[in-house]
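See below for the structure under consideration.
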Amino acid sequence: MENLTWEEVRDAAAAGLPAVISIGSTEQHGPHLPLATDCLIPVGIALQAAEQVPLVVAPPIRFGARSRALSGGGETFPGTLSIRGNTLVETLKDVLIALRRSGFHRLCVQNWHYENAGFLWEACDLAVEQAPDARILLIEEPWPAFSYEELVELFPGGFPGWDVEHASIMETSIMLALHPDLVHTDRIVDDEAERHPSWDVVPAPPEFVPRSGVLWHPSVATAELGRRFLDAAAERLADALRTEFKL
Ligand SMILES: [Zn+2]
């Protein structure tokens with residue numbers, strides 16, 4: 001959408017196309033991936049889904065909720081630029097209302113940055129209060145329900161949990177598939193927090209934060225795995241759009 005003219009946007013909206021907006025972050029992704037990773041990946045998924053269902057890819061929201069040590073490395077890395085939950089809710093609400101005013105009444109909010117998830121539903125609910133003829137599909141996490149066998153194939157060496165999938169196997173693989181020119185393969189390191197309990201502590205103890213900013217083991221990432229992840233996420237997005245918007 002950001003490369004279209006206003007007349008093209010008017011016509012796309014008038015044709016009933018859904019607008020898919022990705023909510024990402026500007027956040028450290030280890031020594032090998034760019035800060036824009038959490039925006040590039042969901043936009044790539046939406047562009048791939050657009051090959052299956054007609055849709056408009058709206059400009060992503062590039063700032064996300066505060067990074068947590070155990071899922072994003074935390075706020076101490078240079079280049080991690082976060083906003084408060086309140087700001088995120090207000091920003092997304094305003095953009096959704098603006099999309100409705102632009103003519104789109106089928107809207108899809110697709111999250112990528114783990115920490116955003118809890119704020120997005122509220123923004124959608126507030127937007128619909130002001131734009132009651134909008135219908136919003138909210139995709140808080142991008143994956144279909146993988147079977148145990150699929151997880152074993154997708155995560156050589158074992159599935160570590162989605163929360164540590166930060167700059168790790170899945171994100172690195174998808175970036176190798178989408179933007180190999182932006183992946184510094186010679187700088188890939190495997191890392192993990194010294195301690196990763198099932199609760200959180202504020203402020204984060206230093207042993208929650210891996211020095212590299214990598215939360216697991218990206219050395220086994222491949223472009224081929226990346227394409228499998230992309231296919232799964234794009235297929236699920238297309239399926240949700242078809243189901244909810246009768247496309
Ligand atoms: Zn990420």
Side-chain angles (χ1 to χ4, degrees), residues 20-48 59-83 85 88 92 109-120 139-143 154-155 159-185 187-193 196 200 204 208-223 225-230 232-234 236-237:
V20 177
I21 179 167
S22 298
I23 322 299
S25 72
T26 298
E27 186 187 33
Q28 74 81 19
H29 274 72
H32 66 292
L33 293 177
L35 301 176
T37 295
D38 282 356
C39 294
L40 293 169
I41 291 177
V43 166
I45 290 168
L47 288 169
Q48 185 168 325
I61 292 189
R62 297 180 185 279
F63 299 102
R66 296 171 73 85
S67 178
R68 293 171 64 163
L70 293 173
S71 51
E75 287 289 311
T76 57
F77 290 85
T80 293
L81 311 178
S82 306
I83 54 178
L88 179 60
L92 177 57
V109 172
Q110 183 191 213
N111 183 40
W112 192 261
H113 176 65
Y114 190 84
E115 289 83 342
N116 292 339
F119 298 103
L120 305 182
I139 301 192
E140 283 170 296
E141 64 92 24
W143 307 114
L154 288 166
F155 291 92
F159 176 57
W162 294 112
D163 52 338
V164 293
E165 244 315 321
H166 176 85
S168 189
I169 302 165
M170 177 269 290
E171 285 195 325
T172 305
S173 293
I174 295 179
M175 286 297 283
L176 284 169
L178 280 178
H179 299 286
D181 49 316
L182 295 177
V183 183
H184 301 280
T185 47
R187 301 184 202 162
I188 289 177
V189 291
D190 288 350
D191 205 352
E192 61 193 275
H196 190 115
D200 214 334
F208 280 19
V209 184
R211 284 180 81 109
S212 66
V214 172
L215 303 198
W216 196 243
H217 302 165
S219 63
V220 295
T222 64
L225 275 179
R227 279 187 287 276
R228 294 194 50 188
F229 281 115
L230 274 172
R236 176 162 179 270
L237 174 59

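Position 1 is the first residue of the sequence; numbering continues from there. Whatever order the structure lists ligands and atoms in, that order sets their numbers, starting from 1.
- For Phe63, the side-chain contact (heavy atoms from CB on, under 4.5 Å) criterion is met by Thr26, Leu81, Ile83, not counting sequence neighbours.
- Between Trp143 and Trp112, the ring planes are perpendicular. Angles over 60° get that label, and only those under 30° would be called parallel.
- Scanning both residues, Gln48 and Leu230, for their nearest heavy atoms gives OE1-CB, 3.7 Å.
- Shown are the protein N/O/S atoms under 2.8 Å from the Zn ion (ligand 1), given by residue and atom: His29 NE2, Asp38 OD1, Glu171 OE1, Glu171 OE2.
- In this structure, the side-chain contact (heavy atoms from CB on, under 4.5 Å) partners of Val43, at least two apart in sequence or on a different chain, are Ser22, Leu47, Val57, Pro60.
- Scanning for side-chain contact (heavy atoms from CB on, under 4.5 Å) contacts around Ile188 gives His32, Thr172, Thr185, Pro218, Ser219, with sequence neighbours left out.
- Once rounded to the nearest 0.5 Å, the distance linking CG of Leu92 with CG of Leu120 reads 6.0 Å.
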